[in-house]
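Here the structure is laid out as structure tokens; the discussion comes afterwards.
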Amino acid sequence: MPSSPTFSRDVLARLDKNGPRYTSYPTADRYHGGFGPPEYSQALADLSARADAPLSLYVHIPFCESLCYYCACNKVITRHHERAARYLDALQSEMALHSQILGRGRPVSQLHFGGGTPTFLSDEELSGLMGGIRDHFRLLPDAELSIEVDPRTATPERLEHLASLGFNRLSLGVQDFDPAVQRAVHRIQPYECVRDLVHSARRLGCASINMDLIYGLPLQTAESFAHTLEQVCALRPDRIALYGYAHLPERFKPQRRIVPAELPTGETRIELLGSAISRFLDAGYDYIGMDHFALHDDTLARAKRAGLLHRNFQGYSTQPDCDLVALGVSAIGKVGGTYSQNAKSLDDYYARIEQGTFAVERGLEMSHDDLLRRDVIMAIMCQGGVEFDAIEQVHDIAFDTYFAAELQALQRLVDMGLVRNEPGALRVTDMGWYFVRAVAMTFDRYLRERSTQAQYSRIV
């Protein structure tokens, strides 16, 4: 486990830039409209002909009752819960389209409900949706079933119903407990309501509780955030995701309501990040990578120690890399050597599904170079290094020759102490884990050929 870091100002200054989070490679901004329903149907047909390996399933529920100003997710703000009915019908139709090609009963080892706010749906609606999933897919007995929960609207009774549906993992959106910060981002949720939900989830035998936090929000100070960190550690979630707020108001309209002058300075952001890492490590959490922490005995921490981490659109995972079927508006999936994304607006999504076609609006079929670089980048992101022989055997290349330019560019990170060159391998150092995407970016061909870093979140 890495020790509490000491970030030098020189290193931080040289890494003060934006970069992808690499939940996929190529990243979603590289998808194009030339990949649509026919190409996706073919990818599913190819999948149906392969061994009956378990799938991962993602379901996007876009509805939220109120707007959080920092949010960059695809969502629909409404208090009209009746709007969910048409959406749920569309999800059922989309599942039926998949069953027509994959057949019914394809095994699923991982299911995730994201949003938006999945708990916008009523108990009855959630039951109906889960019933449809079980009609079309086969949830394995040991499957990880996770759902994002809004502490402002969930109740202990709601958690009990989720447990009865099979959900065994919860993710709670906390962000910050300070009332002034909550008002500044339009998300009021007292500590007590989160505390009560955590206690209820524990009583119900929930296998894992995750909390999302954000540093860099308006009005955050070192003192206020330290108090939030203490409260989080007292609740002792199994996992913590600590995200840096990316202020991109030109891309995300809700962020225009955030007052730029209230945002922490770059120096304060670094202080917030450093204090959070130190506090979590002191509390017995392992640093997993990027923005993930887990208790030392958690399956995620054990997977990292064993070199078995994987990464998907939900972040780090213990699940082996597998095909991901994504349902709902804007949802992104991975089937075989392809990525696909559904239409981003509800009207477009409905129009496609109700015409009896897949809602895929854009995507990508990976080239040999994409697959090769994907393996390298994911090895860096998940295992903290690359064994040249392993890559050479799978892709029939000479690593030193193919990546000569990248290895030369990587030397600056070696000089900064973030990477070690070893015979036949690259290793990310303990310090390098905190900036691992800067290492991965070196191997991103698209990033090198097109200067588009501004649209990504900051590394620090």
Side-chain angles (χ1 to χ4, degrees), residues 7-8 10-32 34-35 244 246 289-290 307 309-312 316 321 334 337-339 363-460:
F7 302 124
S8 77
D10 176 63
V11 168
L12 292 170
R14 295 167 69 181
L15 294 175
D16 188 14
K17 58 183 178 181
N18 298 354
R21 300 176 56 78
Y22 293 118
T23 52
S24 73
Y25 181 84
T27 49
D29 53 310
R30 314 304 176 186
Y31 305 168
H32 56 80
F35 187 101
M290 281 285 291
L309 274 184
H310 296 278
R311 191 161 175 80
N312 57 31
Y316 284 108
D321 186 38
K334 181 183 79 70
T338 71
Y339 291 113
L364 178 78
E365 184 172 0
M366 287 179 271
S367 66
H368 174 264
D369 182 76
D370 292 335
L371 292 166
L372 165 59
R373 292 176 185 272
R374 178 182 181 273
D375 283 354
V376 172
I377 286 172
M378 291 304 163
I380 291 169
M381 296 292 295
C382 297
Q383 279 71 56
V386 184
E387 299 285 348
F388 295 176
D389 284 351
I391 298 296
E392 290 173 340
Q393 290 174 16
V394 172
H395 295 281
D396 193 25
I397 62 153
F399 196 98
D400 287 340
T401 302
Y402 197 97
F403 291 113
E406 287 80 0
L407 292 172
Q408 183 177 0
L410 202 65
Q411 187 58 46
R412 72 181 188 91
L413 300 182
V414 173
D415 295 339
M416 293 163 65
L418 305 183
V419 184
R420 289 194 311 273
N421 267 323
E422 298 179 358
L426 293 174
R427 305 283 182 215
V428 176
T429 65
D430 283 354
M431 180 61 72
W433 265 112
Y434 296 103
F435 308 101
V436 68
R437 54 178 163 160
V439 182
M441 285 166 63
T442 307
F443 292 89
D444 187 333
R445 179 174 63 85
Y446 296 94
L447 202 60
R448 185 175 69 245
E449 294 177 353
R450 293 165 54 189
S451 179
T452 56
Q453 292 182 13
Q455 66 185 310
Y456 302 118
S457 61
R458 289 166 65 179
I459 291 177
V460 178

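Interatomic distance, CE of M290 versus OH of Y434, reported as 14.0 Å (0.5 Å rounding). With rounding to the nearest 0.5 Å, the separation of CE in M381 from OG1 in T23 is 9.0 Å. Interatomic distance, I377 CD1 to F443 CZ, rounded to the nearest 0.5 Å: 8.5 Å. The CE atom of M441 sits 5.0 Å away from the CG atom of L447 when rounded to the nearest 0.5 Å.
Between D444 and Y22 the shortest side-chain heavy-atom distance falls below 4.5 Å. Annotation: side chain of L372 is in contact with side chain of Y402 (closest heavy-atom distance under 4.5 Å). A 4.5 Å side-chain heavy-atom check between T27 and R21 finds every atom pair outside the cut-off. Side-chain contact check for L418 versus R412: every heavy-atom pair is 4.5 Å or farther apart. Contact of the I380 side chain with the L426 side chain is not registered, since no non-hydrogen atoms from C-beta on lie closer than 4.5 Å. At least one side-chain heavy atom of F399 sits less than 4.5 Å from a side-chain heavy atom of L407.
Shown here for Y31 and S24, the closest heavy-atom pair between the two residues is OH-OG, 3.3 Å. L364 and P26 get closest at one heavy-atom pair: CD2-CG, 3.3 Å. Between F35 and Y339 the shortest heavy-atom distance is CE2-O, 3.8 Å. In plain terms, the two heavy atoms of R445 and D370 that are nearest each other are NH2-OD1, 3.8 Å. Shown here for E387 and A425, the closest heavy-atom pair between the two residues is OE1-CB, 3.9 Å. Residues N421 and V414 share a closest heavy-atom pair of ND2-CG2, 3.9 Å.
Within the structure, salt bridge (Lys or Arg N to Asp or Glu O under 4.0 Å) pairs that include any residue of residues 396-409 comprise R373-E406, E406-R448 (at least two apart or interchain).
Between the T429 side chain and the G417 main chain, a donor and an acceptor come within less than 3.5 Å of each other. Proximity of a side-chain donor or acceptor of R437 to a complementary backbone N or O of G19 within less than 3.5 Å is detected. A distance-only check finds no donor-acceptor pair linking the side chain of R311 to the backbone of M378 [under 3.5 Å]. Side chain of Y446 to backbone of Y25: no donor-acceptor contact under 3.5 angstrom is found.
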Take S367 and D369, measure what side-chain hydrogen bond (donor to acceptor under 3.5 Å, both in side chains) needs, and give me the verdict at the end. CA-CA 5 Å; S367 66; D369 182 76; 5.0 Å; no

Step by step, would you call F435 with L413 a side-chain contact (heavy atoms from CB on, under 4.5 Å)? CA-CA 10 Å; F435 308 101; L413 300 182; over 6 Å; no

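Counting heavy atoms of neighbouring residues, nucleotides and ligands inside a 6.0 Å radius, atom CD of E365 does not exceed 12 of them.
Between the side chains of D415 and Q411, at least one donor N or O sits under 3.5 Å from an acceptor N or O.
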